[in-house]
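What follows is one structure encoded as structure tokens, with my remarks underneath.
For the numbers below, each heavy atom of this structure counts, side chains included, while hydrogens, waters and symmetry mates do not. As the structure lists them, so they are numbered: ligands from 1, and atoms in each ligand from 1.
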Amino acid sequence: MTTTNKINDNLTPLQHRTVMHQLPGMPTSDGAGVKLTRIIGTRHLDTLDPFLMLDCFESDDADDYVAGFPTHPHRGFETVTYLLNGRMRHKDNAGNEGVIEPGGVQWMSAGRGILHSEMPEQEEGLLKGFQLWVNLPASAKMSEPNYQEFPPESTPLERRDNGTEIRVIAGETSEGTVGPVINNYTYPTYLDVTLPANTSFEQALASEHNAFIYVVEGELQVRDAEGNVSKNNTVRAKNLAVLTKGDTVTVDSANDGARFLLIAGQPLNEPVARMGPFVMNTEAELHQAVNDFHNGKFGQPA
Ligand code: MN
């Protein structure tokens, strides 16, 4: 009987996401010599559909970052810049310009192409933040470029009674706080979570989404598939844990507390042809992107 089936469905225990594998980032440099750690987009983790790259930059030595990312193109995907410390100024060939501040986000959909620069708005002090590349489906790779840019006062900070703080960039927490970013291609979740010592945090995620946790500070234990505490799933600072599929994930902080990013999105399941700042579906489209760039079709440098 359908009624019985329905009851049984409702009693099916939630599948908890646990750690599939984890890995540290790789030191590298990009732009005009900015030192950074590449976490996704390496030979260890080439991509986690729809996420093409995750870079973390963190330095209080201006020599590591001051040269910035002078004018460069993008086509076919989105760049997401989120800062924890410091300020970055971006400027593009269409006249868009602004400064990204800690707690604020710039979610840029490059679409068919932009030329922009991303330069530190500081000559000393700590610069710390992330750039995530999110793929676009074939249907949107040649769309008009678009910015979703939110200052820190527009990204809600959820504060829980147990001291947990969650900056919600995209997606929705279990307490109903909704991030400002709208993305009807990959429906991302992007949370910056700070846990006090010995605190649990659970987040429901769409079961088909790919998801990862990057620990910024402290360490975490990710529960096992049944939702039980497991000493085998410890993720330490500066490590990324790719999560298994499931409906929800629960983590526990240790004595030092923890800060981490929890990011998830719907995979596109399309072929990926990538070369530097261009990410398309086919080699022919990549060649077209290079030709268009060299023929000035991305516009004049900002
Ligand atoms: Mn860029």
Pair [X]-[Y], side-chain donor/acceptor within less than 3.5 Å:
X      : Y      : result
Ser200 : Asp252 : yes
Thr194 : Glu165 : no
Thr18  : Asn233 : yes

Aromatic ring pairing Trp133/Phe77, orientation class (parallel under 30°, perpendicular over 60°, tilted between): tilted
Single hit among Glu78, Gln266, Gln148 for side chain to side chain donor-acceptor pair (under 3.5 Å) with Asn183: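 Exactly one pass, corresponding to Glu78.
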Glu123 atom CD: more than 12 heavy-atom contacts under 6.0 Å: no
Tally of protein N, O or S atoms, where distance to the Mn ion (ligand 1) is under 2.8 Å: 4
